[in-house]
Amino acid sequence: MENRSSIDQALKSLLPQLSAEDTAAIVAHLPRLKERLEHLSASMPGMQHSIAIKTNPQTELLRTMVSLGYGLEAASIEEVRRAKNAGCPLDQIVFDSPVKTRLEIAEVAYDAGMLVNVNTISELERFPADATCVLGIRINPQVHAGSPEMFDVSKNESKFGVPISSHSELIQAALKFPVSALHIHSGSQMQNLEAQKEALIGLRDVALTINEQSPGKIHTLDIGGGLPTEAIEGQTKMSTYGLMVQEIFRGTSFKLVTEFGQWVHATAGFAISAIEYVVQPDRIFIHLGADFFMRDAYTSARPFPLAVISSQGRWRSGEARPFDIAGPLCFAGDYLAHKKNLPSDLQESDYLVIDETGANTYALWSRHCSRTVPSYWAWDGNSIVKWAERQTIGF
Ligand SMILES: Cc1ncc(COP(=O)(O)O)c(C=O)c1O
């Protein structure tokens with residue numbers, strides 16, 4: 001693990017506070033979170049950044065981001081309520097669920113300033129004509145921005161948004177209904193910024209066409225999220241993307257909104273688990289499996305940086321050898337990793353330190369085997385505080 005020094009103090013503060021029942025703990029790394037948010041704002045100045053709640057819905061974490069001036073993107077009515085509960089101003093909340101019920105629409109229709117993106121043209125019919133939310137249409141840009149298959153939402157047959165090829169239908173709907181925003185989200189972990197450029201130009205041109213017919217009708221463009229995580233060093237993918245976005249929208253007066261998740265959160269947190277059993281020659285059992293690492297166990301595992309620390313706070317540094325890291329759930333696929341190099345002097349009751357677990361882990365906690373959700377902590381660079389107790393799944 002290269003970044004060990006940035007979590008060393010956090011761990012030394014955390015370990016003495018754990019009880020015997022705390023077989024695992026989740027930690028938010030606030031200095032990293034702030035660094036990432038600042039880099040996002042510097043790369044895309046003057047835009048509204050509404051961070052995707054689905055990536056990490058921890059209540060205090062949402063409050064922290066809101067207190068720093070960031071908005072929140074909600075994928076469900078429950079997430080809209082979380083955003084409000086976190087104190088997010090209505091005009092910085094984006095509501096994107098593709099299956100909003102009539103009841104949910106009634107709940108948000110008069111939330112003045114909240115951006116509510118419809119997924120289909122027929123959904124527009126469900127909104128009252130005098131709605132005060134900002135009504136947007138999600139467009140499927142029909143590009144392939146290089147997202148992995150499961151997270152690519154811009155294919156022709158995607159369930160998300162009105163295909164950009166339905167150009168005239170789209171424009172007629174925007175003119176007929178009280179629509180004042182357009183939205184795209186091409187997919188997660190986009191690799192191909194050229195394809196995304198095409199998507200953004202398509203979005204801009206649809207908006208300009210609508211405004212030619214009804215000047216000023218479209219005032220907000222939500223360009224989604226989708227960048228993979230990266231280290232903030234030198235020219236980042238985020239800063240390159242920011243320049244591209246500014247270039248595409250230069251000379252226009254649209255309010256631009258983004259919805260990043262993974263890029264903001266992934267490195268801004270880590271987790272630890274006690275090593276409960278060491279089964280020679282090469283398997284360890286830990287307390288975080290497909291319940292916390294759901295996506296990793298069921299798709300392909302992310303390369304989380306790993307290290308081992310004793311319960312007294314001493315890093316194990318024995319010669320590395322490969323171990324399989326098994327989780328606690330009752331199915332054969334419950335492994336965090338296979339053949340991962342770990343220090344050979346690791347022992348039972350040491351902790352496996354798993355870095356960069358801030359995105360799509362806690363958010364996807366699975367009830368499988370009804371295991372307790374670990375306590376959640378926050379490191380601010382000086383001290384560690386407990387944000388949430390262990391949480392038993394209800395009976
Ligand atoms: C509509 C929408 N916006 C934003 C995001 C966040 O994506 P990412 O974490 O790739 O930035 C997602 C992810 O699924 C999404 O569906």
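Atoms within a ligand are numbered from 1 in the order they appear, just like the ligands themselves.
- Between the side chains of Ser5 and Asp8, no donor-acceptor pair is found at a separation under 3.5 Å.
- Using a 4.0 Å heavy-atom cutoff, Trp263 is absent from the residues neighbouring ligand 1.
- Atoms of ligand 1 found under 4.0 Å from any heavy atom of Arg138 (numbered from 1 in listed order, with element): 1 (C).
- For the ligand labelled ligand 1, residue Gly226 lies inside the 4.0 Å heavy-atom shell.
- The residue His265 has no part lying near ligand 1, judged by heavy-atom distances below 4.0 Å.
- Glu247 and Lys197 are not joined by a salt bridge, as no carboxylate oxygen comes within less than 4.0 angstrom of a charged side-chain nitrogen.
- Residue Ser188 has at least one N or O atom closer than 3.5 Å to an N or O atom of ligand 1.
- Short contacts between ligand 1 and Glu73, defined as distances under 4.0 Å to a heavy atom of the residue, involve ligand atoms 1 (C), 2 (C), 3 (N).
- Ion pair Glu123/Lys100 flagged as a salt bridge, since at least one NZ, NE, NH1 or NH2 atom sits closer than 4.0 Å to an Asp/Glu carboxylate oxygen.
- One option in Gln189, Gln262, Glu259 has a heavy atom closer to atom 6 (C) of ligand 1 than any other, and that option is Glu259.
- To the nearest 0.5 Å, atoms CD1 (Ile384) and OG (Ser13) are separated by 6.0 Å.
- Below 4.0 Å from some heavy atom of Asp96 lie the following atoms of ligand 1, by number and element: 1 (C).
- Asp282 places no side-chain N or O within 3.5 Å of a backbone atom of Phe323 that could act as its donor or acceptor partner.
- Backbone and side-chain nitrogen or oxygen atoms of Gly261 are examined, and one is located within less than 3.5 angstrom of a nitrogen or oxygen of ligand 1.
- Between the side chains of His185 and Glu259, not a single donor N or O lies within less than 3.5 Å of an accepting N or O.
- Atoms of ligand 1 lying under 4.0 Å from any heavy atom of Phe260, numbered from 1 in the order shown and given with element: 11 (O).
- Judged by the 6.0 Å and 45° rule, Lys386 forms no cation-pi pair with Tyr376.
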